[in-house]
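Report on one structure; see the data block that follows.
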Amino acid sequence: MPELGTNPLAAGEKNISVDSARAAIRAAIVPIRESELVSLNDALGRILAADVISPINVPANDNSAMDGYAFDGAALRADSALTLRTVGRVVAGQPPVANVKAGECVRIMTGAVMPDGLDTVVPLELCRVDGDRIVIPPGVIHARENLRKAGEDLALGRPALLAGCVLRPADVGLIASLGLVQAEVLRRATVAVFSSGDEVVAPGESLPPNCIYDSNRFALIAAVQRLGMTAVDFGLLRDDRAALQGALEKALDRVDAIVISGGASAGDADYTREVMAQLGSVEFWKIAMRPGRPFAFGALRGRNDRRVWLFALPGNPVAALVTFYVFAREALLALAGAKGEALLSAQARSVAAIRKRPGRTEFQRGIVTRGSDGMLEVRTVGSQGAGVLRAMAEANALIVLGHEQGSVAAGQPVDVWLFEGLT
Ligand code: AMP
Ligand code: MG
């Protein structure tokens, strides 16, 4: 792990690229290790602490994939029909019929265990039934068709799910299908969320002139919660160095990471980076992106040298959410131990021209829909100002215009990151 605070990116006044900032965050973050057992009904969205190894074969026995007749496929001939005598019947959950001999077959239902020595099931509709005999026409079936082999879905001793998997409904069902009632998951990450700014007022209070309601704290707490983490509301801080330092020190021992918005720029009342350096280190700040340039990442030192990651986001509400999605989201997921939870990205045709300057990454608010030709298309949402939260609320995607990219002509494809499907 690189020594924190030695990153040359932190010192310079140069704006660093989105990609190098993401890479630096990825390299720094150390995942949580402590785990706990949860029952399957509490497992949704939790992150597996260890591989789930199958204690059984799934399915447990060779069984039929169809309703039909089980027989020995070796008796099939390419050019003549096969006539067999039905000697028994087996349904799912019952023991199979034993001692089936040459020239015989067993009526079998989907999921029923295959009788010993039989390996093929002809579906009901493919054979002719004549009393206790069936006739299978040539060419309708091949040996070993419609047979589900024991262990075919998952063999005993093989990993069913890997550590770092964020449990979704199918995963929870898969664990249950192995007969297990609990999952070993990583403890939930805890994230402190602060707002800062003398002009920022808590909702519910009356709004003095020249002030603005605190929207960031609530949007960011919701964004943290959507990741399945515990968000702790640490309230609103004045633009005051001592107050900021005291509040961060108080949070340090209670959380794994801190998200603070406002005060990360270079303005007269912006103390966040100074206090970060005092309590730990600033890894880097100032990103070549729009919106979201004044973003800083670092680590504070908690008790016993424990590192508490700090994401200092810009105060502008859109910039705060965009930097959360671009940097903090994947960093927090990595901290929580999740593997491979990248944003859902796609390409969509831009319905209009978009102006863009090379040398920074731009994230525009967009609405992705399906065009008349069935392909995805995207249009930008009204106002692209960094403070216009309403546009962010109307959007369902970010249009991502890469660092080197220039303006986009109408009809050209652009990258989009969809909000729906984000965890
Ligand atoms: P700052 O990054 O502190 O310079 O703030 C940039 C802009 O974002 C200013 O116009 C602030 O009023 C606004 N802002 C800062 N914090 C918040 C917040 N918690 N909620 C809404 N707007 C904010
Ligand atoms: Mg401020």
Side-chain angles (χ1 to χ4, degrees), residues 10 13 15-16 18 21 191-226 231-248 251 255 257-278 282-298 310-329 360 362-365 381 383-395:
E13 285 298 297
N15 296 343
I16 72 164
V18 167
V191 182
V193 180
F194 288 95
S195 285
S196 73
D198 284 344
E199 79 286 23
V200 184
V201 172
E205 292 178 11
S206 65
L207 192 64
N210 312 317
C211 287
I212 177 170
Y213 279 124
D214 178 6
S215 58
N216 289 348
R217 192 158 36 108
F218 300 91
L220 293 168
I221 285 174
V224 168
Q225 287 171 336
R226 185 146 75 148
V232 187
D233 185 345
F234 271 83
L236 184 51
L237 295 171
R238 296 289 134 225
D239 286 322
D240 174 278
R241 189 181 295 125
L244 178 60
Q245 178 159 348
L248 290 180
V255 299
I258 297 171
V259 172
I260 181 166
S261 68
S265 319
D268 293 343
D270 295 331
Y271 302 116
T272 309
R273 283 182 305 121
E274 229 176 284
V275 173
M276 273 168 89
Q278 211 144 26
V282 182
E283 280 294 280
F284 59 77
W285 84 290
K286 273 215 303 193
I287 317 290
M289 70 187 279
R290 199 172 102 118
R293 197 169 74 106
F295 167 84
F297 167 70
L310 193 145
F311 303 88
L313 313 185
N316 270 316
V318 173
L321 270 180
V322 167
T323 49
F324 183 92
Y325 284 140
V326 175
F327 302 113
R329 177 187 174 277
R360 67 183 184 199
E362 290 193 15
F363 297 88
Q364 301 215 348
R365 274 62 69 211
V381 176
S383 171
Q384 292 292 326
V388 186
L389 190 52
R390 195 173 64 98
M392 188 77 176
E394 278 174 26

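Just so it is clear, the values below take in all heavy atoms, side chains as well, and ignore hydrogens, waters and symmetry mates. Indexing begins at 1, ligand by ligand and atom by atom, following the structure's order. Quick caveat: nothing in here was measured; it's all calculated off a predicted structure.
- A donor-acceptor pair under 3.5 Å is absent between the side-chain atoms of Asn316 and the main chain of Val318, judged by distance alone.
- Taking every non-hydrogen atom of Ser195 and a distance limit under 4.0 Å, the qualifying atoms of ligand 1 come out as 19 (N).
- Which of Asn216, Asn316, Val201 comes nearest to atom 17 (C) of ligand 1 through a heavy atom is settled by distance: it is Asn216.
- Atom numbering of ligand 1 starts at 1 in the shown order; those under 4.0 Å from a heavy atom of Ser196 are 16 (N).
- Residues satisfying the ring-ring contact (aromatic ring centres under 6.0 Å, His included) test with Phe324, not counting sequence neighbours, are none.
- For the residues Gly315, Ala320, Ala219, the heavy atom positioned nearest atom 14 (N) of ligand 1 is part of Gly315.
- Per-residue contacts place Pro317 under 4.0 angstrom from the following atoms of ligand 1 (heavy atoms of the residue considered): 21 (C), 22 (N).
- If you check which protein heavy atom lies closest to atom 20 (N) of ligand 1, you get Ser215 N, 3.1 Å.
- Which parts of ligand 1 touch Val200 is read off a 4.0 Å heavy-atom cut-off, strictly below it: atoms 16 (N), 17 (C), 18 (C), 19 (N).
- Considering backbone and side-chain atoms together, Arg217 places no N or O closer than 3.5 Å to any N or O of ligand 1.
- With respect to atom 11 (C) of ligand 1, the closest heavy atom belonging to the protein is Glu199 OE2, 3.0 Å.
- The shortest contact between atom 19 (N) of ligand 1 and any protein heavy atom is with Asp214 OD1, 2.8 Å.
- Partner Ile16 forms a side chain to side chain contact (heavy atoms under 4.5 Å, CB included) with one of Phe284, Trp285, Phe295 and no other, that one being Phe284.
- The list of side chain to side chain donor-acceptor pair (under 3.5 Å) pairs with a residue in residues 208-221, not counting sequence neighbours, reads Ser195-Asp214, Asp214-Arg217, Asn216-Ser261, Arg217-Asp233.
- Counting only heavy atoms from C-beta outward, the side chains of Leu248 and Phe194 approach each other to under 4.5 Å.
- Ring planes of Phe311 and Phe297: tilted class, angle from 30 to 60°.
- Of all atoms in ligand 1, listed by their number and element, those nearer than 4.0 Å to a heavy atom of Tyr213 are 20 (N), 21 (C).
- When heavy-atom distances to ligand 1 are checked against a 4.0 Å cut-off, Ile212 comes that close only through its side chain, counted from C-beta outward.
- Atom 1 (P) of ligand 1 has its closest protein heavy atom at Gly263 N, 3.8 Å.
- In terms of protein heavy-atom proximity, atom 4 (O) of ligand 1 is nearest to Ser265 OG, 3.8 Å.
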